[in-house]
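Report on the structure given below.
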There are 2 protein chains.
Amino acid sequence: MTADDLTLFKKRLAEHGYQVTKAREATFKLLVSAEPQTIREILVKAQGVVDRVSVYRNVGVFEKIGLIHRVHIGWKYKLELSDEFVGHHHHLSCLKCGRVIDIEDEKHIDDFIKEVSAKFGFEPRRHQFEVDGYCKDCRS
Amino acid sequence: MTADDLTLFKKRLAEHGYQVTKAREATFKLLVSAEPQTIREILVKAQGVVDRVSVYRNVGVFEKIGLIHRVHIGWKYKLELSDEFVGHHHHLSCLKCGRVIDIEDEKHIDDFIKEVSAKFGFEPRRHQFEVDGYCKDCRS
DNA sequence: TTCAATTTGCAATTATGTTGCAAATTGGAG
DNA sequence: CTCCAATTTGCAACATAATTGCAAATTGAA
Ligand SMILES: [Mn+2]
Ligand SMILES: [Mn+2]
Ligand SMILES: [Zn+2]
Ligand SMILES: [Zn+2]
């Protein structure tokens with residue numbers, strides 16, 4: 001993670017009236033250290049450093065102020081930095097090794113959403129696209 | 001649900017070496033009665049008829065043999081009949097009233113998957129696309 | 001009808017996430 | 001820097017969702 005990321009992190013907390021604490025900084029760094037990851041993975045890494053309840057609570061805070069968001073990966077959700085940090089994207093997820101590949105969309109998805117929203121009078125807010133399969137190394 | 005659906009249900013069970021039981025038939029009928037729905041909703045309807053453990057176990061069986069599948073709806077998953085029954089589709093999901101609208105894709109998604117899979121040497125197996133927002137009635 | 005194999009239901013257990021509260025930490029005022 | 005009200009933390013208890021072991025019931029094939 002860059003120094004800028006950490007600065008932005010602290011700025012966002014302050015903007016929303018949250019304090020910058022040891023536990024929050026540690027939790028955020030764990031979040032960034034591998035991405036995306038399950039809250040379970042974060043809890044394991046946090047053992048002895050930050051209490052599980054505080055991890056849950058602060059992950060909740062981070063979500064609420066838009067620092068991170070959830071993505072669906074194989075019937076669990078994982079946590080990743082928000083678009084502000086890493087740019088909007090979707091995922092290819094390997095059913096064998098668990099590898100997650102970031103993919104960028106170049107229009108297909110947005111066009112589809114626009115089309116289908118118009119058709120049903122729907123006002124889209126968020127979307128998520130996920131492809132499960134086998135990665136280059138696992139498809140042998 | 002049609003008589004054909006029930007016939008296909010029994011056929012698939014038999015093909016995979018599973019018995020056709022009261023509990024399984026009852027659970028499948030509950031599944032079909034409203035669609036998609038959470039396992040929680042099914043458990044409530046099953047009270048006094050099928051034990052919760054059997055519901056869990058049989059929903060697991062149904063998934064395994066491809067009679068049903070999960071779809072992501074607002075950070076929960078819901079269960080719905082597989083494509084074989086209802087045709088492949090995706091969902092618009094209302095953040096306010098919870099309404100779920102089935103949408104069909106006309107190429108966008110498949111093209112995108114083809115494109116991006118080629119790029120990463122990925123072999124796609126399953127995919128899921130979900131749009132959250134506000135339905136016609138709720139956007140006022 | 002008979003019976004081995006499968007399935008069911010109940011109790012106990014495990015996994016996951018939440019709440020109440022006293023003690024510690026934080027950040028701003030003085 | 002010092003002080004202190006407000007926020008945050010960690011622990012224990014609680015709540016909810018899902019899984020497992022096992023004896024009893026059901027199923028389907030002979
Ligand atoms: Mn990503
Ligand atoms: Mn549907
Ligand atoms: Zn792989
Ligand atoms: Zn609605």
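None of these values were measured; they are calculated from a predicted model.
The nucleotide whose nearest atom lies closest to any side-chain atom of A/V50 is, among D/dG10, D/dT27, D/dT9, D/dG10.
Rounded to whole angstrom, the span from the CZ atom of A/R24 across to the P atom of D/dG10 amounts to 11 Å. Rounded to whole Å, the distance from CD on A/E25 to P on D/dT7 is 21 Å. One interatomic measurement links the two molecules: NE2 of A/H16 to C1' of D/dT7, which rounds to 17 Å at whole-angstrom precision. One atom, CG of A/N58, and another, P of D/dT8, lie 8 Å apart when rounded to the nearest Å. Rounded to whole Å, atom C1' of D/dT27 lies 14 Å from atom NZ of B/K10. Counting to the nearest Å, the C1' atom of C/dA24 and the CD atom of A/Q19 are 12 Å from each other.
No salt bridge links B/E41 with B/K45; every basic N to acidic carboxylate O contact stays at or beyond 4.0 Å.
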Take B/E25 and B/K29 through the salt bridge (charged side-chain N to carboxylate O under 4.0 Å, His left out) test and state the conclusion after the steps. CA-CA 6 Å; B/E25 206 169 315; B/K29 283 177 179 167; 3.5 Å; yes
List the steps, then state whether side chain to side chain donor-acceptor pair (under 3.5 Å) holds for B/H127 with A/E130. CA-CA 6 Å; B/H127 66 273; A/E130 183 195 357; over 6 Å; no
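Taking CZ from B/F28 and CD1 from B/I68, the interatomic distance works out to 8.5 Å, rounded to the nearest 0.5 Å.
Judged purely by atom type and a 3.5 angstrom limit, B/E35 uses its side chain to pair as donor or acceptor with the backbone of B/L81. With hydrogens and angles ignored, the 3.5 Å screen pairs no side-chain donor or acceptor of A/S93 with any backbone N or O of A/I73.
Residues A/H108 and B/E115 form a side-chain contact, since some pair of their non-hydrogen atoms from C-beta on lies under 4.5 Å apart. Residues B/D4 and B/L8 have side chains not in contact (no heavy-atom distance under 4.5 Å, counting atoms from C-beta outward).
OP1 or OP2 of C/dG9 sits under 4.0 Å from a side-chain N or O of B/S54. The side chain of B/T21 places an N or O atom within less than 4.0 Å of a non-bridging phosphate oxygen (OP1 or OP2) of C/dT8.
Sequence order on DNA chain D of the closest nucleotides to B/K22 and A/G17 puts A/G17 first from the 5' end.
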Across nucleotides 12-23 of chain D, 5' to 3', mark each nucleotide with B, S or - according to how protein heavy atoms within less than 4.0 Å reach it. B----SBBBB--
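Rounded to 10 degrees, the angle between the two end axes of the helix from C/dT1-D/dA30 to C/dG30-D/dC1 is 30°, with five pairs used at each end.
Around atom CD of B/E104, no more than 12 heavy atoms belonging to other residues, nucleotides or ligands sit under 6.0 Å away.
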